[in-house]
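Notes follow once the structure below has been shown.
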Amino acid sequence: MPKPCLTTDELTTALETLEGWTAEEDGKAVTRTFKFGTFTQAFAFMTAAALTAEKMDHHPEWFNVYNRVDVRLTTHDSGGVTALDIALAEAMNKAAG
Ligand SMILES: C[C@H](O)[C@H](O)[C@H]1CNC2=NC(N)=NC(=O)C2=N1
């Protein structure tokens, strides 16, 4: 059974405490760009985040160039943002330090 998508109000509230993340215009995903000092730091972040994502069975869409990691989170099974995306976004913020 897929998780329910957050309502617009729930998403707005969640984003208030989620540093750096914004909702896409249609509210179907949340995004953040992480910047690091070096490629090694960016890749270390991706490695830590990947292990967490695998444990959660919830996986990011992301794009890396040198020290930048663009992340998009959505729950494909539900067709929008769910509590799982918020939990993974929080974990990624912690992993980024
Ligand atoms: C079968 C497996 O549990 C599902 O495909 C999981 C895997 N990771 C996932 N990740 C994301 N972002 N959304 C999903 O709906 C999703 N579903």
Side-chain angles (χ1 to χ4, degrees):
M1 194 57 181
K3 291 240 173 218
C5 291
L6 300 189
T7 64
T8 307
D9 282 356
E10 285 168 343
L11 181 55
T12 304
T13 304
L15 288 174
E16 279 166 14
T17 53
L18 210 48
E19 196 193 328
W21 291 85
T22 51
E24 281 185 356
E25 232 167 74
D26 60 5
K28 297 271 188 229
V30 291
T31 62
R32 178 173 176 179
T33 292
F34 292 90
K35 277 248 180 165
F36 299 90
T38 63
F39 172 73
T40 303
Q41 288 169 347
F43 201 78
F45 160 75
M46 293 177 79
T47 303
L51 295 175
T52 301
E54 184 60 11
K55 269 190 206 141
M56 292 172 69
D57 191 29
H58 196 66
H59 303 89
E61 298 173 19
W62 53 9
F63 179 78
N64 163 239
V65 179
Y66 179 48
N67 62 344
R68 192 182 96 220
V69 185
D70 300 326
V71 184
R72 180 177 187 270
L73 300 180
T74 187
T75 302
H76 306 110
D77 298 342
S78 308
V81 178
T82 67
L84 277 174
D85 298 301
I86 303 304
L88 183 54
E90 279 166 357
M92 290 180 113
N93 279 5
K94 280 206 184 97

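Heavy-atom basis, side chains included; hydrogens, waters and symmetry copies ignored. Numbering of ligands and ligand atoms starts at 1, following listing order. Heads up: numbering here begins at 1 and tracks the sequence. Model, not experiment: these values are computed from the prediction.
- What sits closest to atom 15 (O) of ligand 1 on the protein, heavy atoms only, is D77 N, 2.8 Å.
- For the side-chain contact (heavy atoms from CB on, under 4.5 Å) with V30, the qualifying choice from L6, T22, L15 is L15, the only one to do so.
- Atom numbering of ligand 1 starts at 1 in the shown order; those under 4.0 Å from a heavy atom of T75 are 13 (N), 15 (O).
- Judged by distance alone, the side chain of R72 and the main-chain N or O of F63 form no donor-acceptor pair under 3.5 Å.
- Against a heavy-atom cut-off of under 4.0 Å, T74 is close to the following atoms of ligand 1: 11 (C), 12 (N), 13 (N).
- Under the 4.0 Å distance rule, the nearest protein heavy atom to atom 1 (C) of ligand 1 falls outside the cut-off.
- The environment of E24 atom CD is dense: over 12 non-hydrogen atoms of other residues, nucleotides or ligands sit within 6.0 angstrom.
- The nearest heavy-atom contact from the protein to atom 14 (C) of ligand 1 is H76 N, 3.5 Å.
- A donor-acceptor pair under 3.5 Å links the side-chain atoms of D85 to the main chain of T74, judged by distance alone.
- For the pair L73 and ligand 1, no heavy-atom separation below 4.0 Å is found.
- Judged purely by atom type and a 3.5 angstrom limit, N64 uses its side chain to pair as donor or acceptor with the backbone of R68.
- From the protein, the heavy atom lying nearest to atom 3 (O) of ligand 1 is D57 OD2, 2.5 Å.
- Neither the backbone nor the side chain of L84 comes within contact range of ligand 1; no heavy atom lies under 4.0 Å.
- Looking at T75 and P2, their side chains never come closer than 4.5 Å, going by heavy atoms from C-beta outward.
- Taking the six-membered ring where tryptophan is involved, the planes of W21 and F34 are perpendicular, since the angle between them exceeds 60° and thus also 30°.
- Looking at atom 8 (N) of ligand 1, its nearest protein heavy atom turns out to be H59 ND1, 2.8 Å.
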